[in-house]
Undergrad: 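Below is a structure I'd like to ask you about.
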Amino acid sequence: MNRLRLPGSGLLLPLPCLSLALLAVGLLLGLAGESALVLGFMLLLPLWLSLVALALFLQPRTAWRLLGTLHLAGLLALGGIR
Amino acid sequence: MSPLKAFRALHTWTGALSGLLLFVVFCAGTLTLFPGELDRLAGTRVQPTRMESPEAFAREIHRRHPELRGAFSLALPTLEAPGLSAYWQAPGGEWVFTTPEDLAAGRPATPRHSPSEFVNEIHHSLGLGQVGSTLLTMVSLVYALALLSGLVLQGARGLRRLLQVKRGAGPRRFWGDLHGALGLASLPFHLVFSLTGALFGGFMLLVSTYDRPVFRGELAPRLERLVGSALPALPVGSGGTPLPLATLLDRARAAVPGFEPAYLRFQAYGTPAAVQILGHREGFLGRFGQLALTSDTGRLLDLQVPGHRDPNHALLSGLYGLHFGDYGGLPVRLAYGLLGLSGTLLLLSGQLIWVEARARTSPRQARLMARLTVGTCGGTLLGLALVPWIGRFAPDRLSLGFGLTLALSLVAALGLDLGRVLRGLGLALTAILLALALRSWPADFGAPQTVALILALLGLVGALQVSRLRAIWR
């Protein structure tokens with residue numbers, strides 16, 4: 001059976017990193033409330049850049065798997081705090 | 001692909017995608033640091049001739065414009081803008097302005113088209129409204145990626161070559177070194193701009209992203225109170241006689257020592273209602289703030305002034321201060337100006353490296369990028385130099401004039417000999433700036449005119465040295 005081919009070059013990795021950063025900020029806002037609105041929005045970019053830096057240093061396949069898992073965990077957590 | 005190769009590819013493409021638009025934004029942004037100077041250079045800042053009290057002016061506006069129902073704002077005289085003026089939103093949504101002189105002459109309130117406001121518009125949205133603002137938000141994100149990848153690549157060069165600029169090893173090496181050193185030296189500045197630029201541009205996008213999934217649709221209606229300057233809603237006309245404006249201003253100064261009012265916003269002038277007083281308190285990063293009082297008793301309704309703000313307002317105004325550099329007077333503005341100019345050089349050198357790297361392998365791509373770079377950068381500089389002139393003689397044609405200059409420059413760069421275009425742009429820039437500097441010589445020759453003169457000389461040197469510049473583009 002062919003193995004699932006994930007985007008190999010890694011150059012698309014900033015996109016899932018952005019959605020993961022959005023998810024993380026959503027979680028923060030959900031927990032801290034609207035008084036942390038600007039703080040949450042401000043943290044989005046540094047969080048995104050950190051994730052991109054981390055993802056590009058990993059093997060693309062590992063990075064995609066890790067990001068996928070974190071997305072799932074983030075979505076579950078967001079659903080949980082709602 | 002190794003991590004370093006991935007970072008290099010990311011840097012190349014994010015830089016190429018955002019470089020030219022960022023050049024326009026950086027040039028305009030540098031000018032927005034000096035709004036008063038720009039308007040003075042254009043000669044559009046009219047000195048007030050009528051000394052009127054804010055109270056009398058507000059009463060007269062209320063009498064002549066009953067359709068406003070007292071909902072308008074006053075800009076109080078300051079050192080920077082010594083005239084009194086009033087403004088409100090016309091039925092079409094456009095902001096219109098009037099002064100005591102206009103009111104006395106019976107002239108209607110009109111939108112304000114000053115060179116400084118136009119340059120600000122270019123900086124925020126390229127003059128394209130919401131579309132431009134959204135586009136620049138995306139560009140800010142791409143710019144952040146370019147900074148990250150650039151930092152990794154520069155770090156990989158080793159400690160010894162971090163800030164080294166080597167001459168005599170070919171143009172590609174020289175521009176590469178200069179690009180890396182400039183980028184690293186001004187990295188904190190660029191990080192601040194990319195972070196705050198993306199935040200300001202994408203704020204509403206983020207609000208709509210999180211409104212339903214996180215705040216169950218309750219965020220958007222409360223947003224103005226959370227981060228803006230909403231006037232607390234009071235039942236209009238249910239109280240005593242409104243206090244004189246001077247008394248309200250004194251109450252504001254007494255409520256927060258060091259607070260200097262600059263604007264008054266009326267919920268319903270002439271009736272007991274809420275009055276918002278906006279102003280600044282020196283010694284803070286985010287120096288602007290506002291408070292609200294009841295007009296009949298002077299009771300404090302809301303306080304968002306430096307030193308007395310909630311976390312959202314405090315953080316947002318701090319970020320505004322960091323982005324616009326208005327917290328430390330002229331030295332800070334000059335430092336921001338120099339960093340802005342170094343930013344344009346960083347972007348330009350990035351374009352040159354891109355062209356140089358492809359000159360042999362993909363000459364057509366390289367030629368196209370070279371032409372686009374000359375057209376966009378030259379057109380932007382020429383268009384911005386023309387802004388004071390257009391602002392003086394046809395203020396409502398600023399967008400058209402700037403857009404046309406940029407378009408013509410692009411067409412010329414794409415269709416004509418690049419050397420001639422470069423020389424023509426340099427000479428035109430010199431002539432425009434020289435005329436601007438010497439327009440009212442010697443009566444009115446100050447710092448803005450001196451800067452225009454220096455830039456004119458730089459333009460002339462550039463025009464005369466085109467053959468040297470061309471060596472890079474071959």
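Here the structure is a predicted model, which is why all the values come from computation and not from measurement. Sequence lines set the chain letters: A, B, ... in the order given, protein chains first and strands last, and positions in each chain run from 1.
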Undergrad: Where does B:Leu141 contact chain A at under 4.5 Å (heavy atoms): side chain, backbone, both or neither?
TA: both
Undergrad: Less than 4.5 Å to any heavy atom of chain A: does that hold for the side chain of B:Leu223, its backbone, both, or neither?
TA: side chain
Undergrad: Could you measure the distance from the CG atom of B:Leu195 to the CZ atom of A:Phe41? Nearest 0.5 Å is fine.
TA: 13.0 Å
Undergrad: Looking at side-chain heavy atoms only, is the closest gap between A:Leu29 and B:Phe215 below 4.5 Å?
TA: yes
Undergrad: Side chain to side chain donor-acceptor pair (under 3.5 Å) with B:Ser149: which residues, sequence neighbours excluded?
TA: B:His11
Undergrad: Is there a donor-acceptor pair closer than 3.5 Å between any side-chain N or O of B:Asn312 and the backbone N or O of A:Leu39?
TA: no
Undergrad: Can you say whether B:Ser194 sits under 4.5 Å from chain A via the side chain, the backbone, both, or neither, judging by heavy atoms?
TA: both
Undergrad: Heavy-atom count check: over 12 atoms from other residues, nucleotides or ligands less than 6.0 Å from B:Tyr263 OH?
TA: no
Undergrad: Just wondering, do A:Trp48 and B:Leu148 contact through their side chains at under 4.5 Å, heavy atoms?
TA: no
Undergrad: If you round to the nearest 0.5 Å, how far is SG of A:Cys17 from CG of B:Leu145?
TA: 9.0 Å
Undergrad: Within a reach of under 6.0 Å around CD of A:Gln59, are more than 12 heavy atoms found that belong to other residues, nucleotides or ligands?
TA: no
Undergrad: Would you compute the distance between atom OH of B:Tyr143 and atom CG of A:Leu45 and round it to the nearest 0.5 angstrom?
TA: 11.0 Å
Undergrad: Answer whether the closest heavy-atom distance between the side chains of B:Pro311 and A:Val38 falls below 4.5 Å.
TA: no
Undergrad: Could you tell me if the side chain of B:Pro3 sits less than 4.5 Å from the side chain of A:Leu56, heavy atoms only?
TA: no
Undergrad: Less than 4.5 Å to any heavy atom of chain A: does that hold for the side chain of B:Val152, its backbone, both, or neither?
TA: side chain
Undergrad: Taking every non-hydrogen pair under 4.5 Å, which of B:Leu206, B:Thr209, B:Leu199, B:Leu219 racks up the most with chain A?
TA: B:Leu206
Undergrad: Examine distances only and state if a side-chain atom of B:Tyr210 and a backbone atom of A:Leu22 form a donor-acceptor pair shorter than 3.5 Å.
TA: yes
